[in-house]
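Some notes on the structure that comes next.
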Amino acid sequence: MLQALQNTILELIATGEPLKPTIDRLCAMVEDMVPDVVCSVLEVDSSGRLHPLSAPSLPAHYSEALEGLAIGPKVGSCGTAAFWGRTVIVTDIANDPLWEDYKALPLPLGLKACWSTPIFSQGVVIGTFGFYFRETRGPNDFENKIVAASTHLTAIALEREARVRERQRLAFTDSMTGLPNRACFNTRFNDMLAQPDQDWGLILVDLDNLKLVNDTFGHGAGDALIGAVASRITPIVGENRLFRLGGDEFAVIAPLDDSRGLGAAARAIGEALEAPCDCAGNLVHPSATMGGALIRPGQSSETIRQNADLALYHAKERAKGSFVTYQDGMGTAISERYRAIREVAAALSEQRIEAFYQPIINMKTGTVFGLEALCRMRNADGSITPAAAFHEATKDARVAAKLTRVMLDKVACDLARWSAMGLEGFHVGVNVSSADFHNGNLRGGLEEACARHGAARDRLVVEVTESVYLDQRDRAISDEIGRLRGDGVKVALDDFGTGFASLTHLMTIPVDAIKIDKTFTRGVTAHGPSRIITEGLIKIARRLGLTIIAEGVETVEQAEHYIQFGCALGQGFLYSKAVPFATATEMVRGRIVDAAQAALRA
Ligand code: C2E
Ligand code: CA
Ligand code: CA
């Protein structure tokens, strides 16, 4: 009989059957072998607390009463056996002081005696094996043998379980930081989703400067940075809420216990990172860019992760160190951008990009003051797509650089053609993007294009939007603007008023002209802040000696207001949209825009 017990249980252990059913089976077999006894196996954790593992014949409330109970010198048979590390035999529960506090549990069930044997692993008590009798008695020889075999089998099963748990712990832990890792995150995340009544969100945290630190100071410093970041974020978000997904990527499962949303948590993380830290002897200022997503009922874990990823992508676009929460449509914005990038890249390689020109008019006289080159995409069916439709593509560094090269080439070519026709004395604006300042060789490209076609460089105006102009991360832009102006190229600050450029910035990075954004033009006729700002702006710009151009002039009224405020140069649909080379040539000759001036006088 004992042999059968051993064989069965050892086989269950060997085949990887989980702990609880294995011990349940053991107890059931033992209870079959010794009629009238009740088995109970308790685990003892490292802090000396009891956890019922198996007691197939005891009611649930019995085990629940024991859960978490601390072992001690007077804690029934099992708690006491575990405490002293030796067998405890109580032949009469009703009258034994060890059971004084606990006898109300077994007596109503008719259990009168209890014999408990500690289970050891490497000299430490890891559990107890208990035998309850329905009579006031102790064990007999046969029972002694069974219990010896059972404690041995239970010890084997518990040790195996401990090894499994340790392996799992290692598999779920990032070895560098000790944080729970990606695998753990996946499991925890799905567990959380299964509890729909909880309010929480996901924040992805992406370290900004890990690569730089690795490259500059070595991997030891990078590792130190990761460690420092882990230990700074953990106290902010709480234990087991921060996960290292890999490399410089962390995830935070953030509960929303108030209405402040994820932003508050992200801010707290950002602030915790702020202070410089010592990374292998180097002073590093940690910072992280973060994307967050709130959990809405019914969303899959993939959707939530993807949303947080999209938000992170947007945050990176906005600025290093920023935080963005996912909003509907973010995915569309990105796929829209990819569509635009693909289309423009195709148009560039198929030479379907053309330069159209919109005249800049002296609104007082109706004459053409200059032109702005605007790129247009010619489609397979011959239709023309304006730049606004694919503007997103200019944020892609490679496409933007190519586009600028193509446009510079076309504009230089057209300038040379106008010169050959004797049409001189006007400037042509070319739009450039941020990428042109960062990786492209704008100045060299411009010079090359002019040389190739024999065009004069000083007839070009480089139009830099306010956002590019303000991007002064590495002085690359202000330096390049300075050099361009040194070459005689004019520089205009485009879309003025849409961003945060102020007149103060004009002192640090001087330009030749500013172009007032069309949003101001819309408000220039009404009595409102737009008008007051515009009026003041024009006064100051004039005193600074800047050329000032109003964009998006669509009505005679707007033109009149601008003229009255002292801004005579305007550009907009009132005069002309962007037109092909031939039409632009006619305008420069002074034929077509007379009509616009007539409209103005009318
Ligand atoms: P932008 O530089 O501010 O160009 C002015 C835009 O306003 C043009 O749109 C023009 O057609 C439009 N516009 C002109 N007059 C009016 C008006 O009276 N009312 C309204 N509502 N709009 C008017 P477009 O050509 O679609 O260009 C959009 C933006 O795309 C440009 O804004 C510029 O930032 C960019 N872009 C255009 N061409 C190029 C280029 O060759 N290279 C680069 N990097 N960007 C370009
Ligand atoms: Ca422009
Ligand atoms: Ca503009």
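None of the values given here were measured: they were computed from a predicted structure. Order of appearance sets the numbers: ligands from 1, and atoms from 1 within every ligand.
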Test log, rule side-chain contact (heavy atoms from CB on, under 4.5 Å), inputs Glu372 and Asn431: CA-CA 8 Å; Glu372 175 179 3; Asn431 292 285; 2.8 Å; yes

Closest protein heavy atom (residue, atom, distance) for atom 22 (N) of ligand 1: Phe573 CZ, 3.5 Å

Glu551 near ligand 1 by a heavy-atom separation under 4.0 Å: yes

Backbone N/O of His285 and side chain of Asn209: donor-acceptor pair under 3.5 Å: yes

Exercise: identify the closest heavy-atom pair between Gly263 and Phe323: CA-CE2, 3.7 Å

Numbered atoms and elements of ligand 1 in range of Met407, under 4.0 angstrom, heavy atoms: 41 (O)

Heavy-atom gap Ala400 to ligand 1 smaller than 4.0 Å: no

Arg376 N/O under 3.5 Å from ligand 1 N/O: yes

Protein heavy atom at shortest distance from atom 39 (C) of ligand 1: Cys375 SG, 3.5 Å

For ligand 1, the portion of Asp517 having any non-hydrogen atom under 4.0 Å away: neither

Residue-ligand contact Glu554/ligand 1, heavy atom below 4.0 Å: yes

Asp495, Leu408, Asp436: member with heavy atom nearest to atom 3 (O) of ligand 1: Asp495

Nearest neighbour of atom 5 (C) of ligand 1 from the list Lys518, Glu463, Glu354, on a heavy-atom basis: Lys518

Asp248 with Lys211: basic N within carboxylate O range, under 4.0 Å: no

Val553 contact mode with ligand 1 (heavy-atom cut-off under 4.0 Å): backbone

Contact check: Thr394 vs ligand 1, nitrogen or oxygen atoms, below 3.5 angstrom: no

Contacts of type side-chain hydrogen bond (donor to acceptor under 3.5 Å, both in side chains), residue Glu551, not counting sequence neighbours: none

Backbone or side-chain N or O of Ala387 under 3.5 Å from ligand 1 N or O: yes

Chi angles and distances behind the salt bridge (Lys or Arg N to Asp or Glu O under 4.0 Å) call for Glu447, Arg457: CA-CA 7 Å; Glu447 191 177 341; Arg457 240 189 329 192; 3.6 Å; yes

Residue part near ligand 1, for Lys515, under 4.0 Å between non-hydrogen atoms: neither

Side chain, backbone, both or neither: the part of Gln571 lying under 4.0 Å from ligand 1 by heavy atom: neither

Salt-bridge present (Glu302, Arg305; N to O < 4.0 Å): no

Heavy-atom proximity to atom 35 (C) of ligand 1, best of Lys577, Lys395, His391: His391

Distance-only N or O hit between ligand 1 and Pro386, under 3.5 Å: no

Test item: Gln558 side-chain N/O and Glu554 main-chain N/O as donor-acceptor pair under 3.5 Å: yes

Under 3.5 Å donor-acceptor pairs involving side-chain atoms of residues 415-430, not counting sequence neighbours:
unit_1 : atom_1 : unit_2 : atom_2 : d
Arg417 : NH1    : Asp414 : OD1    : 3.0
Trp418 : NE1    : Thr585 : OG1    : 2.9
Ser419 : OG     : Leu415 : O      : 3.2
Ser419 : OG     : Arg459 : NH1    : 3.0
Glu424 : OE1    : Arg459 : NH1    : 3.4
His427 : NE2    : Asp458 : O      : 3.3

Identity of the nearest option to atom 45 (N) of ligand 1, non-hydrogen atoms only, from Val411, Val430, Asn431: Asn431

Glu372, portion touching ligand 1 at heavy-atom distance under 4.0 Å: side chain

Closest Glu372 atom to the Ca ion (ligand 2) [N, O or S only]: OE2

Atom CZ of Arg398 with >12 non-hydrogen neighbours under 6.0 angstrom: no

Test of proximity, Gly572 against ligand 1: N or O pairs below 3.5 Å: no

Side chain to side chain donor-acceptor pair (under 3.5 Å): pairs with one or both residues in residues 332-342, sequence neighbours excluded: Glu317-Arg337, Glu336-Arg339, Arg337-Glu392, Arg339-Glu343

Element-labelled atoms of ligand 1 that are located less than 4.0 Å from some non-hydrogen atom of Ala388: 24 (P), 26 (O), 27 (O), 28 (C)

Within-cut-off N or O pair, Leu374 and ligand 1, under 3.5 Å: no

Atom 32 (O) of ligand 1 within contact range, any protein heavy atom under 4.0 Å: no

Verdict with supporting geometry, Leu574 and Thr555, side-chain contact (heavy atoms from CB on, under 4.5 Å): CA-CA 6 Å; Leu574 172 64; Thr555 66; 6.0 Å; no

Ile516 and Tyr562: CA distance, side-chain angles, deciding distance, side-chain contact (heavy atoms from CB on, under 4.5 Å) verdict: CA-CA 11 Å; Ile516 302 176; Tyr562 271 121; 3.8 Å; yes

Check: Gln358 N/O within less than 3.5 Å of ligand 1 N/O: yes

Note, Leu537 side chain near Phe565 side chain (heavy atom, < 4.5 Å): no

Polar side chain donor-acceptor pair, Thr289 to Asp206, under 3.5 angstrom: no

side-chain contact (heavy atoms from CB on, under 4.5 Å) between Glu448 and Asp409, intermediate numbers included: CA-CA 9 Å; Glu448 239 176 73; Asp409 184 72; over 6 Å; no

Polar protein atoms near the Ca ion (ligand 3) [N, O or S; cut-off under 3.0 Å]: Asp494 OD1, Asp495 OD1, Glu551 OE1, Glu551 OE2

Residue pair Asp495 / Thr465, side-chain donor-acceptor N/O under 3.5 Å: no

Nearest-0.5 Å distance that lies between atom CD in Glu350 and atom CZ in Arg378: 14.0 Å

